[in-house]
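Quick notes on the structure that follows.
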Number of protein chains: 2
Amino acid sequence: MHDSPEPGLRERKRAQTAEAIHMAAAELALERGLDATTIDAISERADVSTRTFFNYFSSKEDAVLGIDETAVSLELERVRDYEGDVLASTFDLIYALFEASGGGQKNKALTRAVIKKHPQLMTRQMVRVAELEDRLSAIVAGWLSSEAAFAADSDEARLDEARVILGICLATVRVSMKRWAMHGDADPGATGAASAPSPSPSGAPADPRQTYERAIASLKTVLEKLS
Amino acid sequence: MHDSPEPGLRERKRAQTAEAIHMAAAELALERGLDATTIDAISERADVSTRTFFNYFSSKEDAVLGIDETAVSLELERVRDYEGDVLASTFDLIYALFEASGGGQKNKALTRAVIKKHPQLMTRQMVRVAELEDRLSAIVAGWLSSEAAFAADSDEARLDEARVILGICLATVRVSMKRWAMHGDADPGATGAASAPSPSPSGAPADPRQTYERAIASLKTVLEKLS
DNA sequence: CTGCATTATTTCACTCTCTGCATTTTTACA
DNA sequence: TGTAAAAATGCAGAGAGTGAAATAATGCAG
């Protein structure tokens with residue numbers, strides 16, 4: 001994640017402003033609720049004009065989530081090492097995408113708290129993935145080329161299959177995050193991984209990363225049961 | 001779909017008005033584009049006040065899609081016969097849900113045309129399913145109870161598994177609809193069903209129902225390849 | 001057919017989101 | 001230090017969406 005040796009004052013200030021707006025939005029949403037939080041209020045607390053707000057975020061929801069489209073693009077262009085497991089790698093991809101939100105520091109905890117209070121924001125994340133579907137599925141399709149079972153398919157077929165796989169993983173993440181949002185810690189065996197050994201101990205703190213790992217196990221269990 | 005022998009004048013008029021607004025919205029979206037279509041314009045063409053518009057639909061998108069929440073609720077409360085195939089039944093469920101949009105007549109063709117021009121509306125459909133997730137997954141979970149592989153799970157685990165399955169099917173439908181939206185007819189074998197016999201001939205008219213059947217085949221193929 | 005209760009429709013006033021444009025301030029760099 | 005690029009701001013305005021009160025249409029009992 002080391003961008004350049006010299007971020008420069010300009011970029012530093014820009015990141016700083018974005019962070020301020022994001023924090024203000026998240027705090028206000030937590031204090032008085034998402035609907036009761038106006039962009040005027042966010043801008044005031046962040047000490048910028050409302051017009052400047054829209055120079056950084058395209059909506060209130062994006063500000064709360066701290067969605068930085070530049071960071072997302074950078075993340076997607078990053079070369080990814082493919083580890084041989086399509087599902088696991090796709091989960092990693094989605095994970096990286098979600099992490100491109102929420103600022104840079106440990107105020108991610110704040111963002112998570114807001115998401116817990118307002119599940120609609122989770123839906124917003126899903127929409128984001130849907131919007132990026134073309135780019136994401138292209139990456140997954142690239143991985144599929146080196147998989148024996150998919151190597152014989154045409155490029156177009158592989159792209160469709162990549163879309164399905166992406167959707168499958170996203171669906172699983174969705175469920176995991178929903179569970180995570182409802183009760184911060186989840187029963188280890190309640191996610192359908194009853195027959196699979198759960199990698200994390202019970203009562204674990206609410207870390208999305210662990211959620212994803214549980215999600216993989218959960219998905220594979222369901223797939224087995226369905227076949 | 002026979003509601004009651006006597007709908008009554010009031011309800012008839014209500015359905016009529018909803019239809020008028022829906023038609024106006026779809027037509028305008030097709031003529032001048034979705035963004036260039038204002039609620040004022042829709043209301044004017046439908047010959048109602050803009051305030052009345054919001055008594056029927058909660059947004060421009062819903063009006064274009066003809067989303068009637070009452071119809072959706074009725075559809076969901078309908079008793080469903082479970083045929084023994086979780087995936088197929090779930091696809092049917094999603095299909096029914098989507099069909100609860102688009103008015104009642106053959107102006108569904110109009111709605112479809114608009115969706116083709118504005119894929120964002122498809123995303124809106126996905127969001128709808130996400131909003132109804134609780135109710136939908138409860139239905140699927142009910143089906144799972146009678147499946148040997150899931151019978152031993154707890155109710156909670158089954159609900160999570162139902163959510164995953166719902167998400168998987170939805171993802172597949174998404175892909176199929178995307179393909180359908182891009183080129184009205186799809187190459188029979190290009191959806192990843194290269195190894196499965198395609199049920200519909202090539203060059204078929206753009207019927208979502210067929211799309212779903214292809215989607216099932218597509219999904220099963222991917223699942224096989226992944227395992 | 002008439003009066004009354006219910007429901008729909010409309011009008012009005014209002015808040016909030018978001019955009020384009022012109023202006024001013026700040027930063028970068030030669 | 002001077003200048004060009006970038007960012008911040010103020011302003012004007014369109015569009016979405018809501019609440020409340022007034023008005024019209026409908027259903028129903030008598």
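Each chain gets a letter, A, B and so on, in the order its sequence line appears, and its residues count up from 1.
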Heavy-atom side-chain proximity of B/Asp62 to B/Arg124 below 4.5 angstrom: yes
Whole-Å gap separating C1' (D/dG15) and NZ (B/Lys60): 8 Å
Rounded distance (Å) that lies between atom P of D/dA24 and atom CZ of B/Arg14: 20 Å
Basic-acidic side-chain contact under 4.0 Å: B/Asp68, B/Arg14: no
Out of C/dT27, C/dT9, D/dG10, whichever nucleotide has its closest atom nearest the side chain of A/Lys13: C/dT27
Sugar-phosphate, base or nothing in reach of B/Ser43, heavy atoms under 4.0 Å: nothing
Touch class at under 4.0 angstrom, heavy-atom based, for A/Tyr56 against every strand present: sugar-phosphate
Nucleotide paired to D/dG30 in any strand shown, Watson-Crick or G-U, under 3.5 Å: C/dC1
Closest-nucleotide 5' rank along DNA chain D - winner of B/Ile39 and A/Val48: A/Val48
Pairwise side-chain contact, B/Leu65 with B/Ile115, heavy-atom cut-off 4.5 Å (strictly under): yes
Atom pair distance, as rounded to whole Å: CD1 in A/Ile42 and P in C/dT15: 19 Å
Touch class at under 4.0 angstrom, heavy-atom based, for A/Phe53 against every strand present: nothing
Spacing between A/Arg12 atom CZ and C/dT27 atom P, to the nearest angstrom: 10 Å
Under 3.5 Å donor-acceptor pair, B/Arg10 side-chain atoms to C/dT6 base atoms: yes
Sugar-phosphate, base or nothing in reach of A/Thr38, heavy atoms under 4.0 Å: sugar-phosphate
A/Ser137 (side chain) donor-acceptor with A/Asp134 (main chain) under 3.5 angstrom: yes
Interatomic distance where CG belongs to B/Leu34 and P belongs to D/dA16 [whole Å]: 10 Å
Euclidean distance, atom CZ of residue B/Phe57 to atom P of D/dA16 [Å, nearest integer]: 15 Å
N/O (side chain, B/Ser49) to phosphate O (OP1/OP2, C/dT10) under 4.0 Å: yes
Sugar-phosphate, base or nothing in reach of A/Ser59, heavy atoms under 4.0 Å: sugar-phosphate
For atom CZ of A/Phe54 and atom P of C/dC18, their distance in whole Å: 5 Å
Atom-to-atom span, CD of B/Glu11 to P of D/dT26 - whole angstrom: 14 Å
Closest nucleotide among C/dT17, C/dC21, C/dT10 to the B/Arg51 side chain: C/dT10
Any donor-acceptor pair under 3.5 Å from B/Thr90 side chain to B/Cys169 backbone: no
